[in-house]
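Below, each value reflects all heavy atoms present in this structure, side chains not excepted, and no hydrogens, waters or symmetry copies. Because the structure is predicted, anything quoted here is derived from the model rather than measured. In what follows, every chain begins at residue 1, and chains take the letters A, B, ... in the order their sequences are listed.
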Number of protein chains: 2
Amino acid sequence: MVTKKKKIKLKEGVSEPTLKRLPGYLTYLKRIQKLGHINVSAPTIASELELDPTQIVKDLTVTGIKGKPKVGYNIAELILTIEEYLGFNKKNEAFLVGAGKLGQAILSYHELQGFGINIITAFDIDPKKINTEYGKTVILHMDKLGDLAQRLGVSIGILTTPPNVAQKTAKAMVKSGIKAIWNLTPVKLKLPKGVIVQDTSMFANVAILLKKFHDLHDIKPD
Amino acid sequence: MVTKKKKIKLKEGVSEPTLKRLPGYLTYLKRIQKLGHINVSAPTIASELELDPTQIVKDLTVTGIKGKPKVGYNIAELILTIEEYLGFNKKNEAFLVGAGKLGQAILSYHELQGFGINIITAFDIDPKKINTEYGKTVILHMDKLGDLAQRLGVSIGILTTPPNVAQKTAKAMVKSGIKAIWNLTPVKLKLPKGVIVQDTSMFANVAILLKKFHDLHDIKPD
DNA sequence: TAGATTGTTAATCGATTAACAATC
DNA sequence: TAGATTGTTAATCGATTAACAATC
């Protein structure tokens, strides 16, 4: 046996910070590609994104892309390589659970398609929402989740319920066969080991913003 | 002169990771407070949130809270202390710019009030949205932003426009007197030094989720 | 008192940054 | 060729974790 099985860590030496930066590179690369650029160097990306050039090079290395000294990277190739590396070109079919405002925002956020994420169906328990369509996505009752997950083989779930039902809902999702949950609620979910949970508290960042703001502007007289 | 002025870094040794964890503590503390608990210890918080006990203690130390050995922290006091420390009890009046789906989600996300953030007015350029109300928030034309920011003394802005107009819009916000921007677009903004920008790319986290998911489930035959 | 927990200081771990050789 | 840039290895920096004394 040569490979040890760890919990749900990332494979061999790919750091989360690196992974978080890659989508930002994509956004930038697509923009300059549209502008007609063909190649781009790490120092250029770095100065645009206010990062360290070495960091860019290192980050890109993990994707397997090969650059040319003095020239940089081919933009088209780089985009494809990053997308491939991150799995954006895979069929990432997902269910969205909780069709409130945030859920609706996610449903209509076309940028998600750039991640290969394809929201098949949304679920809710509000009778007023059931069987309505949001954009091109139908909203079904939570009851149907288990059956549909099974039949369609969907195993990615996006959790956008109110906080007070988040835990309960997540549990039901897992029971229905969901294996990876993008958790947009501020609740820390307790789920069986083996289920991948990615917490995205939009509001953690607000704390930083406010702190910086007040530290800078509320200068107390000594 | 005893205090050196740095760029827009956080004051004396408060790390961003710590700041990002504090709102999570708040969410948890409020929940157990509602359950009737009076005190809570760092090890308890740690096991609930799957963090290291020492890390909790250290994080809480920065807020100035005092705990009792063997007992822990008084929950009510702890909540107030964290909120005070983060500036959540200040009058954090903000403008929201870009009243699309994501903007609307933010407008209707009541959790934001827990951060002391009070969205005064929303702005857009879509004639169909101008002068309509969303919840209790009026949507005005961007034209009015400068004047209102001045008159109301609002200096926090929430940027939720489409990516392609994000840079332009942010520039206009700064010109109108906005000093801190919560940037919910995936675009890296170029703004004058001194303006605080907090990027929140909801989607950076999706990259991690997908990567973990595919690493775990797409086992390639050797 | 005994023992769990706080709060601080030291050690470890990992990510970022620097240095530098290879190369186009 | 000269020089900018890649790609890798080493050094630094900062955050997390461990150790431990103080204390209720």
Distance test, side-chain N/O of A:Tyr73 to OP1/OP2 of C:dC24, below 4.0 Å
no

Rounded interatomic separation in angstrom, taking NZ from B:Lys68 and C1' from D:dA22
16 Å

Heavy atoms under 4.0 Å, any strand shown: does A:Thr61 hit a base, just sugar-phosphate, or nothing?
sugar-phosphate

Taking only N and O in the side chain of A:Arg21, is any of them less than 4.0 Å away from OP1 or OP2 of C:dT16?
yes

What's A:Pro43 touching, base or sugar-phosphate or nothing? Going by heavy atoms closer than 4.0 Å.
sugar-phosphate

Pair A:Asp59-A:Tyr25, side-chain donor/acceptor within less than 3.5 Å
yes

Both distances below 3.5 Å, Watson-Crick or wobble geometry, any strand: find the nucleotide opposite D:dT5.
C:dA22

Atom CG of B:Asn74 and atom C1' of C:dT5: how far apart are they, to the nearest Å?
16 Å

Complement of C:dG14, any strand, by Watson-Crick or G-U distances under 3.5 angstrom:
D:dC13

Roughly how many Å is it from CG in B:Asp52 to P in C:dT12, rounded to a whole number?
16 Å

So what does B:Lys66 hit on the nucleic acid, given a heavy-atom distance under 4.0 Å: a base, only sugar-phosphate, or nothing?
sugar-phosphate

Strictly below 4.0 Å, N to O, side chains only: are B:Glu77 and B:Lys66 in salt-bridge contact?
no

Calculate the interatomic distance between B:Lys58 atom NZ and D:dT16 atom C1'; express it in whole Å.
8 Å

When we call it a touch if two heavy atoms are under 4.0 Å apart, what does A:Ser41 touch: a base, just sugar-phosphate, or nothing?
sugar-phosphate

Can you check the A:Gln55 CD to D:dT12 C1' distance for me, whole Å?
14 Å

Distance in angstrom units between A:Asp59 CG and D:dT8 P, rounded
14 Å

Contact class for B:Lys70 (heavy atom, under 4.0 Å): base, sugar-phosphate, or nothing?
base

Taking CD from B:Glu16 and C1' from D:dC13, how many angstroms apart are they, rounded to a whole number?
16 Å

Pairing donors with acceptors under 3.5 angstrom, does anything connect the side chains of B:Asn205 and A:Gln198?
yes

Spacing of A:Ile45 atom CD1 relative to D:dT5 atom P, expressed in whole Å:
12 Å

Within a 6.0 Å radius of atom NZ on A:Lys90, are there more than 12 heavy atoms belonging to other residues, nucleotides or ligands?
yes

Inspect the contact between A:Arg21 and A:Glu16 and indicate whether a charged nitrogen and a carboxylate oxygen are less than 4.0 angstrom apart.
no

